[in-house]
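Data first, discussion second: the structure below is written as structure tokens.
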2 protein chains.
Amino acid sequence: MFVNRVRRAGDNHVPDTEKPASAGKEQPRRRQARGERRIAQLLQAAASVFCTSGYSAASTNAIAREAGVSPGTLYQFFPNKEAIAIELGDQLMHRMRETYGEALAPVDPATPLEEAVAAAVDRFIAFNTEHPVFFTLMHGTDIPGRIAEEHDALHSTLVGRIEGLLSSLLPDTPQDVVTRTAHVCLGIYKAGLELVLTHEGAEREAYVQEVKNVLIRYLEPLGGDRLGRA
Amino acid sequence: MFVNRVRRAGDNHVPDTEKPASAGKEQPRRRQARGERRIAQLLQAAASVFCTSGYSAASTNAIAREAGVSPGTLYQFFPNKEAIAIELGDQLMHRMRETYGEALAPVDPATPLEEAVAAAVDRFIAFNTEHPVFFTLMHGTDIPGRIAEEHDALHSTLVGRIEGLLSSLLPDTPQDVVTRTAHVCLGIYKAGLELVLTHEGAEREAYVQEVKNVLIRYLEPLGGDRLGRA
DNA sequence: CCAGAATGCGAGCGACCACTCGTGTTTGTC
DNA sequence: GACAAACACGAGTGGTCGCTCGCATTCTGG
């Protein structure tokens, strides 16, 4: 016989205005302000522990301890360990969408290649340095299937955006070449991100510049003279 | 009270001519042909299981089952799970040294950049497609410390080799720039390797070519006209 | 102020897994 | 053939970790 507990962890935002309609299952569970605070605490603690240990090596007890609560309290708000990573991933994905929306959306063919690349790289790297967990969750080989799906979805979205950007810069190019080029660009960025994150200060800045150089030099010869060479 | 078992797993090659000298601890344990065969079997099984599950998710029982032996038999030849990965890593490292010795050693400044890059990339990619475990062991975030050390050692060695190659091509370049460039090159290669391994056939070949393109276009502008432009 | 819900606790349960041990079988040696 | 050593087995052990349960405490609506 199962308990009817928890089951509602991904509910921050939409805090009020419960929907009492629909089929009679999964009844609300009103959340108090204290609970919302606990959830934020737990997610922050989880982020910290995931960063240092990786997902599967991180124990739920360690997360609870880091958050200063008991294991039981953790499971008051999350049905299982995976749900913590899911919620963390969802929140990051949400903020990510805000960021890369600005970073890649404006496919203005007037802007020169160097500026476009520099702006996109800067934004993405800023996001990853602000949220180190993101890198851990997206690059861990031991992550639960659901997060891997989110990663794949993000990856596909990014490739799609880059494809759009590329095909507006290189109009007469076969689709498969555009797709491949987009994948290569994203791969270059990921490799560069790793290098950037393992360095500090001036050295880090130098690597950021190198990533931009690699991308620009890779893309420049493709467009003939259509890519504004400033 | 400890058992005096096993403790000798990394001993293939040097099969005969035991050294009965030295301090009286760790007595030999002569290995029969059957045992050598089992070790090979187990390593192959471990490679297979590591590839599909990753290191920490792979259970020793699963490895034994894959090899068609009992868990006890596995521990007849390896003191623990980590030792299996170590031995596997050592063997791969050995073959790797043979490969990259040929791939990066000849720092002949006469060969044009494109050829040097193409040769190195081809060899390394061939090695990784022949030994998929290598990629798993070197990129897993959940690997034991000892393998991580081996990975770091290999990484440093490779960076050193690339530095040598670069500074012979770009003589009047500050050392820190050379080092950074070498790291970037290796990063590009690794990212490319991942792309290559996730594709098959003609698509794979196309990605191989792209990796070469990225490296060449990245390095070409650095050397002024010293880099032979064919 | 007082039910009832939400929150909080922490010992403990069950499952899994690396690893062991007692015992039986094969192989090499004299 | 006899003895020892290497090999093989697989049920079992200890420890870890995700997760639970009964109960105490705090909040909220009426």
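What you see is a predicted model, and the numbers here were worked out from it, not measured in a lab. To find a chain, count down the sequence lines: A is the first, B the second, and so on, and within it residues start at 1.
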(request) Send over the distance from B/D142 CG to D/dT16 P, rounded to a whole Å. (result) 19 Å
(request) Rounded to the nearest angstrom, tell me the gap between atom CZ in A/F78 and atom C1' in C/dG8. (result) 15 Å
(request) Taking B/S53 for its side chain and B/F50 for its backbone only, find out whether a donor-acceptor pair lies under 3.5 Å. (result) no
(request) Choose from D/dG18, C/dC17, D/dC9 the nucleotide whose nearest atom is closest to any side-chain atom of B/S59. (result) C/dC17
(request) To the nearest Å, give me how far apart CG (A/L42) and C1' (C/dG8) are. (result) 12 Å
(request) Assess the side chains of A/E87 and A/Q91: does a donor N or O sit below 3.5 Å from an acceptor N or O? (result) yes
(message) Need to verify one output field. Residue with the more 5' nearest nucleotide on DNA chain C, A/R38 or A/N61?
(response) A/R38
(request) Provide, to the nearest angstrom, the distance between the CZ atom belonging to A/R30 and the C1' atom belonging to D/dT26. (result) 15 Å
(message) Assess whether a salt bridge exists between A/R95 and A/E130, defined as any Lys/Arg side-chain N lying under 4.0 Å from an Asp/Glu carboxylate O.
(response) no
(message) If you compare every side-chain N and O of B/R31 against the phosphate oxygens of D/dA5 (OP1, OP2), does one of them come in below 4.0 Å?
(response) no
(request) Write down the distance between CZ (B/F77) and P (D/dC7), rounded to a whole number of angstrom. (result) 5 Å
(request) Could you state the atom-to-atom distance from OH of B/Y75 to P of C/dC17 in whole Å? (result) 12 Å
(request) Flag the pair B/Y189 / B/F124 as yes when their ring centroid distance falls below 6.0 Å, and as no otherwise. (result) yes
(request) Take atom CD of A/Q41 and atom P of C/dT7, then tell me their distance rounded to the nearest Å. (result) 13 Å
(request) Take the protein atom CZ of A/R34 and the nucleotide atom P of C/dC9, then report the distance between them rounded to whole Å. (result) 10 Å
